[in-house]
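Report on one structure; see the data block that follows.
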Number of protein chains: 2
Amino acid sequence: MTENLTPIAEMCAEFGVTPRTLRFYESKELLTPVRVGQRRLYTRCCRARLTLILRGRRFGFSLEEMRELLDLYNHEDQGTQLSRTVEVAEKRLAAMEAQRTELEIAITDLRQQLAWARSILDGRGTDAAE
Amino acid sequence: MTENLTPIAEMCAEFGVTPRTLRFYESKELLTPVRVGQRRLYTRCCRARLTLILRGRRFGFSLEEMRELLDLYNHEDQGTQLSRTVEVAEKRLAAMEAQRTELEIAITDLRQQLAWARSILDGRGTDAAE
DNA sequence: CGTCATCTTTACGTTAACGTCAACTTTTAT
DNA sequence: ATAAAAGTTGACGTTAACGTAAAGATGACG
């Protein structure tokens with residue numbers, strides 16, 4: 001089977017981040033790549049975690065918030081209090097659902113404003129239907 | 001009729017922010033409350049803008065990004081190039097729709113992980129895969 | 001063998017978005 | 001009138017999330 005160990009440059013290209021970012025995440029214990037000598041090699045697990053981290057980032061979650069949640073996805077290391085992690089996850093889920101609701105509103109809102117603005121630009125015709 | 005001019009403390013309570021935040025937003029030209037003497041009084045318009053700003057903040061948009069977009073909602077001041085604002089808004093809308101898609105995925109994901117975690121906690125019932 | 005290219009650690013710099021004084025002025029209450 | 005409350009303008013401090021530059025280690029290659 002392919003061992004799937006990826007050097008840092010390749011990871012960066014894959015995820016559109018800089019080496020600094022990956023090392024920074026490691027320093028924050030969000031990623032723990034394998035070491036061969038000094039060099040880092042990222043595993044399949046690292047990829048999964050990084051995906052989650054970047055995803056969270058796009059939703060405005062802090063790295064610290066994501067770190068709490070990552071344990072939930074880390075099926076190997078079950079030393080972490082699973083029950084506590086579940087609590088965190090439940091709150092996170094609620095937050096994300098609330099965010100989705102607000103996002104719907106924001107999108108609807110923005111669409112309306114856009115329609116209005118376009119109707120002004122388009123012709124001076126006040127009403128614009130479809 | 002009620003002029004609806006709100007002092008800073010009331011605004012803060014209403015929106016759950018500090019005075020510092022409101023003054024900071026003003027310094028960035030995101031808000032322009034009326035002045036009576038030195039004091040600030042926030043109008044209905046300010047409230048609308050602040051709502052949008054805080055909304056954007058929750059989605060990870062920067063204040064600068066929000067500032068660009070606010071012009072779209074500012075129906076009075078049409079000195080701003082409306083067509084350019086519309087372009088900005090279209091991109092913003094696309095970004096938000098993409099974010100919504102990702103949010104759906106993230107929520108589904110998290111729900112699954114939670115279900116899995118709960119099944120472990122609940123009883124030792126479900127079999128551990130490998 | 002020497003020379004890149006890539007990677008490493010260390011460490012100081014930067015930006016956004018406020019927090020936190022300090023020193024005044026202005027309102028409001030007593 | 002006076003004291004407390006509320007608000008104001010600087011100005012410096014802080015935190016998160018990296019950027020960036022310096023100096024050395026390591027592996028590949030002609």
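Throughout, protein chains are lettered first and strands after them, A, B, ... in sequence-line order, and every chain is numbered starting at 1.
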If you count heavy atoms of other groups shown closer than 6.0 angstrom to CD of A:Glu29, is the number above 12?
no

Round to the nearest Å and state the distance from B:Leu22 atom CG to D:dA6 atom P.
17 Å

How close do A:Met96 and B:Leu110 get, counting heavy atoms only, and between which atoms?
SD-CD2, 3.8 Å

In plain terms, say whether B:Glu90 and A:Arg118 are close enough for a salt bridge, that is, a side-chain N and a carboxylate O under 4.0 Å apart.
yes

At less than 4.0 Å, is any side-chain N or O atom of B:Tyr25 found next to OP1 or OP2 of C:dC18? Yes or no.
yes

Between C1' of C:dA16 and CD1 of B:Ile53, the distance in whole Å:
15 Å

Spacing of A:Phe24 atom CZ relative to C:dA11 atom P, expressed in whole Å
17 Å

Rounding to a whole Å, what distance do you find between A:Glu64:CD and D:dC18:P?
14 Å

A:Arg39 atom CZ is separated from D:dA25 atom C1', nearest whole Å, by 8 Å

Pair B:Glu26 + B:Arg23, salt bridge at N-O below 4.0 Å:
no

May I ask you to evaluate whether B:Arg40 reaches the phosphate of D:dT8, defined as a side-chain N or O under 4.0 Å from OP1 or OP2?
yes

B:Thr21 side chain N/O closer than 4.0 Å to the phosphate oxygens (OP1, OP2) of C:dG19?
yes

A:Leu41 atom CG is separated from D:dT26 atom P, nearest whole Å, by 16 Å

Could A:Arg111 and B:Glu97 be called an ion pair, given the rule that one side-chain N must be under 4.0 Å from one carboxylate O?
yes

Residue whose closest nucleotide on DNA chain C lies nearer the 5' end, B:Gly37 versus B:Leu63
B:Leu63

Please give, in whole Å, the distance from D:dG27 C1' to A:Gln38 CD?
12 Å

Please evaluate the base of C:dT20 for a donor-acceptor partner in the side chain of B:Arg20 within a cut-off of under 3.5 Å?
yes

Assign A:Arg23 to base, sugar-phosphate, or nothing according to its heavy-atom contacts below 4.0 angstrom with the strands shown.
base

B:Ile8 atom CD1 is separated from D:dA5 atom P, nearest whole Å, by 19 Å

Ignoring backbone atoms, test whether A:Arg35 places a side-chain nitrogen or oxygen under 4.0 Å from the OP1 or OP2 oxygen of C:dT9.
yes

